[in-house]
Each structure stands twice: as structure tokens, then as C-alpha cells.
2 protein chains.
Amino acid sequence: MNKELNERCRLILEAIIEDYIMSGEPVGSRALTRRHNIALSPATVRNVMADLEEMGFLTSPHTSAGRVPTEKGYRFYLDSLLQVKQLSLGKRQSIQEHYKHRGLRMEELLREAGRILSATSNYTGVVMVPHLTTTICRRIDFVRLSARRILVVFVSQSGIVEHKLIESDLPLTESELQEATNYLSQTFSGLSIQEIKQYIVSQMAEEKAMYDSILRRTLQLSSMALEDDLGGQVFIEGACNILDQPEFNDLNRMKRLMRTFDQKNLLVELLHKSQLTEGVQIYIGSPDHYSDIEGCSLVAASFTSRWGATGTLGIIGPTRMPYSTVIPLVDFTAGLVGSILDIDEE
Amino acid sequence: MNKELNERCRLILEAIIEDYIMSGEPVGSRALTRRHNIALSPATVRNVMADLEEMGFLTSPHTSAGRVPTEKGYRFYLDSLLQVKQLSLGKRQSIQEHYKHRGLRMEELLREAGRILSATSNYTGVVMVPHLTTTICRRIDFVRLSARRILVVFVSQSGIVEHKLIESDLPLTESELQEATNYLSQTFSGLSIQEIKQYIVSQMAEEKAMYDSILRRTLQLSSMALEDDLGGQVFIEGACNILDQPEFNDLNRMKRLMRTFDQKNLLVELLHKSQLTEGVQIYIGSPDHYSDIEGCSLVAASFTSRWGATGTLGIIGPTRMPYSTVIPLVDFTAGLVGSILDIDEE
DNA sequence: GTTAGCACTCAATAAGCAAGAGTGCTAACG
DNA sequence: CGTTAGCACTCTTGCTTATTGAGTGCTAAC
């Protein structure tokens, strides 16, 4: 069916979607012919519109309103019609400026990326620091808070720092911990967390007999330290930006979106998904698919440093978003963040 | 003038405010006499109300609506009328439950406190980790990311972990860093950051002559590490809870509040203020004072561990909030968090 | 296949109206 | 003199009713 869309249909569909993206109002046949000097009469356009509606690309809020793109309409637009512009040199430079002259901490760096996305697009920026399982370990440190409470500080190869508290069944002295720290740094530096876990399991099997050996306790400690996944945070920046969009004059939709931001799990899920794929991904909220962000879309891309996937970032805005500028913005920012992580690594 | 408020006026003012807190609607004379079996006729109540309005405790949205408390009204209510209940045993226990069986990281612990405040009150919970200048240093670690890029990991006596990136003018080897780390841990452990800074300044004066000594470079490094204040984060939990309040059917007010949450600086300011004072502080948003949170109040208290002030937490809700339960909730949670920090410390 | 014309639909806006809640004032009461 | 009943007045709220205007779908003519 889609293949049957002839040139004229495609042209009109594109015009409608772009008009709608600009105005946010249902677009009618008459207005359309005037704005995009189309050499057709409104009546003809109406016929085409009726066809497009039947095919599921358009819908009308009520009988006597114009047409609005459906999710399917947007999808087709994104896949077949949209021409992504290049990000203007000025914007690229201004974004790069943000990162100059800064000794940012990793967390701040990612937050800043979110802020840039938000400020440049006037929508909401999201950044996810991934779970660390796949990342490479640069260093593991133990800090003794009390005899049984140990703080684990984990530094990944790309400079992301995470820490967690663990509780040991046996009391540990400062020197025991020091020894464990040294052992770990030497043994595990340069491995990924998954590899470390495997190594620990095999070692512990060997050491089974030796009940109270230092090594055994060190291994136990490390095992606990790596037990739950570290990381997986999501930063949301500029959540309120999106509220200025006219579609959020609807109080309830607005509340639901805020709730989604608050809970974050949907975002984590989506960002995780796009982590697995190359390039820019677009998720369109709809009553069926991602009802929590109905009326909104997420444009996401993962950024990677030389050491493997390290995170995902994106923009959440209304579905009627100027994708032709937002997509390259997300793309560029992801690349930039990736390259900055590389610099950090040496 | 305030002193002239006789028993009857106080009683009626209290009744009005409590009614308003319950209903959110302007309260009229007739409804008042019925709900709080007051042995007065509506007409008399009206006279009293007129007096209270003239004195600035009440106002009416329009001629034929009931009365609504002003900021001054709330203040008087909070200072002179309100009787704070004790937090019910059940609630106290359920809050304590949240903290059992958990090896929480410091950050998670504070976030969780915010979540508890939010969930128990159905409003928005805020928690501020303070700047670290006053806190005691347990450990400073350097992690070498590249020759010039150093990650500083700072662990406070109470287990708060902070890290930042610094850029050194001279390349540093792994072993140099190791030496610096050892030196610092031995020299500075147990001092507050302020003390450390002072010590460094005095030492650097002495070492002025020795241009390239290890000690000098160590000191330089430490100085950079402590340069800007670390910390000062604010966690906001349950921001969307507050949106269910009827006063936020006003879209603009809602947007402004969300913007305030996004930017955080007003919150930082207020939370900082209450850090300096004992006990529970209440800030009432009004067009004059804190116009960004107009219609809202912040109920805040600082939590302290044995090692000195460590942070502030609180609840942001509509000004018409059931203070008699919110205040003890904030108070109790602040105490609990403080005591948990103590446990962490040994 | 395209277009002009026309009747029809429906949301949005405004206007008018009645109901209800609450006030302020005045005059009477104990 | 404080308190109360009565009453006219005000102002919101909800409801109904026109009116307008944008846009459609259909039909018939080009």
C-alpha cells in the first residue's frame, strides 16, 4: 500500500506535516494550497487528503477541522520524506564553546550535554549514563567507613566514577582493605566488569578450601562490590521547556508527562533500547506504543568512546517537532560527547 | 495590633485557616459556624471576619466569595495558633522501615529521604547536600586519567563521596600521584576542608624556594582539588505530586513552579538559609517574598550528624498545607537522616 | 482527472439567564 | 453595647442559545 503513494501524494503529505509542525493546528486544504504554491485546487487536495486519511497517514480531530498526521504519517515522513539538514556551523561552534575551558566532572559533563540539548532545541534534554557492566575498569578503591561498612569507589576507563556502600559480614581492618585494594587494582585494571565477575567466580571455586585466607575475603568483597549493577542514571534537563508547547495546555497530559519524567523508568527503557542501535533513533509516543509520552517524541542517539558503548542522550519534544534540525543536533552532540570522553581517556 | 486579637478572633481565624486548608475554597461565615459548632451567628462571624480582613490576616478574592488567609494570616497561624501533632507511631515506623536492610550509598540515602518525604506527604520532597567546606575529610584520592587530567575522589567523614576533575600544568606519573595520595591521607585525615586549605597555604609559603619538590607539587595539586566548593547538590523528588493540588489548575503558576524546580537556585538559597537555623523553618511563597513559589510553602529542617551540619531537607507543598502533620514529618525525617549518618560513621 | 459550487458539520466564542453563596448594612433585641 | 435577623446587592458558576468561521464531502460541470 505504501508503495502506491505517488509523487503528488507524497508532496502533499510532506506539506501537511511540515505545516503542522510549524503551526500546531490542523491544516486544511485551502490554507495548504496557499502556503506551498501548489498548482492544484483545494478540492483536489481534499481528495488526496481523503485518500491519505483512508491509508492511515492522516486523521482529523473532528469533521470540520483540517487534517493532522497520525503516528504512521510521522513514521513515513521520517523514513521517506524528511531531508535532514546539516547543523549550521554557528550552532556547532556554539555547542563546542560550551565544552571549552572546563574541567568538568564526568557527571557534570553529561548533565551539561543535557542542558545544551535542552537550550539549543528549546525542548527537554535527557542523558543516560549506562550500567557499567560493559565498561572497562580503571580502578576499584575501598574506603573503610566502619569495621563492617565499606565504601566502594569505582572508576571506569572513561572516567565515570560510581560508588556504593557494602556491608561485610566480617569486620575488616584498614590494612586488610589496603591489601585488597592493591590486589584488585593490579589484577583487574583494564578488564570489563563482566570479565572481573567471571574471574572472581572461578577464583572462588579454587579457594573454597581456604576458609579465612585474605585472598578469599578480598574476592568476597569484590564480588559484593560488583553485585548489583552500578550506574544507570538518567539526567533530565529543561523539563519545563516542553511545557510551553501549545499541546500541553491540556493539564492532564502535562501531568502525565511530568510523572513520566519523575519516574524515569520509561525513559530508561527507551534510552536503553537505542543504545543497542547505531545512529539516531526516534520513538513516537502514541496511545498504543508509549502512552506515557503521548504527543511527544524522543529523538535519541548513543555516544560511544573508544572503549565501547557508554551512554545515550536525546531530546524529548512534542511529536510535531522540527526533526530536520533536531536530528542533526542530537547526532552532533552525541558525537561530541563521545569524542570528549576519548580525550579524557588520554 | 496583633496583640489586640482576642480569644474569639483567634478562634475564628484558626477555624477559617483550617477550613481553608481542608477545602481549598474561600470559606464563608455560614459554612464556618456550621462546621465548627461555634456559638455565634453568621452575622457576628462576618463582623469578626471584616476586622480580621482589615488587620491583614484575611482577604477575599472578590466581593461575594468567602475569606482566604493572607501570608500574614498564615504566619500568625504558624507562630501562635498551630499545635503540632506528634507523628503517629505507625508513620514513624513505616518511615524507619524504609531504611532497614539497605546498604545505601550516601546519595541514594538522601534521595530516598526525599522520596519518603514526598510519598508520605503527597507533596514534593527536597534534599540538599551541602557544600563540603565545613565537613571533615576522611580521605582524598587521586586517580590519574591521563598525564595531566586527574580525578579527585573526596570522602567525607560522614561518607559523602564527591569527585571532580582537575587539570595539572605538569605531567604527573602514577607513582607521583600515589605518593601524593599517601601524603594527603596521612596529613589531612580528620581535618575539615577549611582547615586543610589553611594548612596548605601556610605550607606552600614555606616551600616557596623548592621549585620542583614532590611536596610542592602535592600541595599544588591538593590546592586545586579543594579550590571550588564541592557538593551543594539538590535532589527534588515527587515534583509531579504537587501538580494534583487544585491551586495548580492555573497553567501559568504551574509552569513557573516547574521552572523553579528546574533551575534550583531559589531552592538552594532557601535551604541554605534554613541550614543556619535550628529546628523547622517555614518559607511562604508570596508575590513579595518568594514570588517563584507563589502559592507554595517550603517546610525545611537541617539534619546534622555528630560532625557538624551536613544538609537540609524539606517539603514543598501548597501554602494551604496541613502543617500540623507536615512539620513533624520533616522534623522526624531530618532527625532520622542525621542519626543514620552517625551510624555510617561508626 | 480536475475544479467550482454548495449544503452541511462542528468547535469556538459570545451573550444572556438563573441559581447560589456570600457579603455589608441597618435596625431591632436583650 | 454586643449580638442577631433580615434584606438588598454582588459576583461566580453553570447552562443554554446564537453566531461565526473554517473545513469537509458530494455533485455536477469542465
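The sequence lines fix the lettering, A, B, ..., with proteins before strands; numbering per chain opens at 1. In this text, all values refer to a predicted model and were calculated from it rather than measured experimentally.
Put simply, the side chain of A:Thr63 and the base of C:dC10 share no donor and acceptor less than 3.5 Å apart.
The partner of D:dA28 is C:dT3, judged by Watson-Crick or G-U wobble contacts that both fall below 3.5 Å. Across all strands shown, D:dG14 forms a Watson-Crick or G-U wobble pair, both distances under 3.5 Å, with C:dC17.
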| request: Could you please spell out the steps behind the side chain to side chain donor-acceptor pair (under 3.5 Å) verdict for A:Ser41 and A:Thr44? | output: CA-CA 5 Å; A:Ser41 76; A:Thr44 314; 3.1 Å; yes
| said: Evaluate A:Ile95 against A:Leu329 for side chain to side chain contact (heavy atoms under 4.5 Å, CB included), listing each step before the verdict. | reply: CA-CA 10 Å; A:Ile95 292 175; A:Leu329 172 61; 3.5 Å; yes
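The outermost nucleotides of DNA chain D lying under 4.0 Å from heavy atoms of chain A, listed 5' to 3', are D:dA22 to D:dG25.
When the P atom of C:dT2 is taken as reference, atom CG of A:Asp51 falls 11 Å away, rounded to whole Å. The interatomic distance linking B:Asn47 (CG) with C:dG22 (C1') rounds to 14 Å, in whole Å. The CG atom of A:Leu32 sits 14 Å away from the P atom of C:dT3 (whole-angstrom rounding). Rounded to whole angstrom, the span from the CD1 atom of A:Ile38 across to the P atom of C:dT2 amounts to 13 Å.
Enclosure of atom NE2 in A:His36 by more than 12 non-hydrogen atoms of other residues, nucleotides or ligands within 6.0 angstrom is indicated. With a 6.0 Å radius and a threshold of 12 heavy atoms from other residues, nucleotides or ligands, A:Arg30 has its CZ atom at or below the threshold.
Between A:Phe76 and A:Phe57, the ring planes are tilted. Angles from 30° to 60° get that label.
DNA chain D is contacted by both A:Ser29 and B:Pro42; B:Pro42 maps to the nucleotide lying nearer its 5′ end (nearest heavy atom per residue).
The minimum heavy-atom distance between B:Thr312 and B:Ala300, with the atom names listed, is CG2-CB, 4.2 Å.
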